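The structure appears right after this line, and notes come after that.
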Amino acid sequence: MAYNEAIMDHFSKPRNVGEIEDPDGVGEVGNPVCGDMMKFTIKVKDDRLDDVKFLTFGCGAAIAVSSKVSEMAKGKTLDEAMQITNKDVAEALGGLPGNKMHCSNLGADALHKAIEDYRERQK
Ligand code: FES
């Protein structure tokens, strides 16, 4: 199995790793296929994602996916970020090897959950 350059780049130098202190929203998801976990924390300012950080307890592809999602989402409005799909992320990474496609299933989901959590807190 070979990962392409974009995946290797995000895996070896993941962007936005960590956890935001006092976040405005938190999203956590587990992958039913393998049990890996992803956690996104966000800061929201004027309806935009001011900061996005992630922690991924998972394989290299999952780390690359989280890193890419965080990069794609940062600076976007909440509605725009909600439009990002797992498929968009896999495509932005140039595709994942077939047996690793399930690893792209968490990133956008975890981000969306964090946004939903933020919206819930505003009520
Ligand atoms: Fe679990 Fe990749 S093997 S997310």
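Predicted, not measured: the structure shown is a model, and the values here were computed from it. Positions are given from 1, in the same order as the sequence printed here. Atoms within each ligand, like the ligands themselves, are counted from 1 in listed order.
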Response to the item:
Closest non-hydrogen atoms of Tyr3 and Met8, given as atom of the first, atom of the second and distance, are CB-SD, 3.8 Å
Worksheet, complete the sentence: When rounded to the nearest 0.5 Å, the distance separating CG of Asn4 from NE2 of His10 is 10.0 Å
Item to complete: Could you tell me which residues satisfy salt bridge (Lys or Arg N to Asp or Glu O under 4.0 Å) with Asp79, sequence neighbours excluded, listed by chain and number?
Response: Arg119
Please set out all donor-acceptor pairs under 3.5 angstrom arising from side-chain atoms of residues 29-41, sequence neighbours excluded.
{"unit_1": "Asn31", "atom_1": "OD1", "unit_2": "Val33", "atom_2": "N", "d": "2.9"}
{"unit_1": "Asn31", "atom_1": "ND2", "unit_2": "His102", "atom_2": "O", "d": "3.1"}
{"unit_1": "Asp36", "atom_1": "OD2", "unit_2": "Cys59", "atom_2": "N", "d": "3.2"}
{"unit_1": "Lys39", "atom_1": "NZ", "unit_2": "Glu19", "atom_2": "OE2", "d": "2.7"}
{"unit_1": "Thr41", "atom_1": "OG1", "unit_2": "Ile20", "atom_2": "N", "d": "3.0"}

Worksheet item: Distance from Glu116 atom CD to Leu78 atom CG, nearest 0.5 Å?
Response: 11.5 Å
Acceptor/donor pairs from residues 84-96 side chains to any protein atom, 3.5 angstrom cut, sequence neighbours excluded:
{"unit_1": "Thr85", "atom_1": "OG1", "unit_2": "Lys87", "atom_2": "N", "d": "3.4"}
{"unit_1": "Thr85", "atom_1": "OG1", "unit_2": "Asp88", "atom_2": "N", "d": "2.9"}
{"unit_1": "Thr85", "atom_1": "OG1", "unit_2": "Asp88", "atom_2": "OD1", "d": "3.2"}
{"unit_1": "Thr85", "atom_1": "OG1", "unit_2": "Asp88", "atom_2": "OD2", "d": "3.2"}
{"unit_1": "Asn86", "atom_1": "OD1", "unit_2": "Ala108", "atom_2": "N", "d": "3.0"}
{"unit_1": "Asn86", "atom_1": "ND2", "unit_2": "Asn105", "atom_2": "O", "d": "3.0"}
{"unit_1": "Asn86", "atom_1": "ND2", "unit_2": "Asp109", "atom_2": "OD1", "d": "3.2"}
{"unit_1": "Lys87", "atom_1": "NZ", "unit_2": "Glu91", "atom_2": "OE2", "d": "3.4"}
{"unit_1": "Asp88", "atom_1": "OD2", "unit_2": "Thr85", "atom_2": "N", "d": "3.0"}

Worksheet entry | Number of protein N, O or S atoms [distance to atom 2 (Fe) of ligand 1 under 2.8 Å] | 2
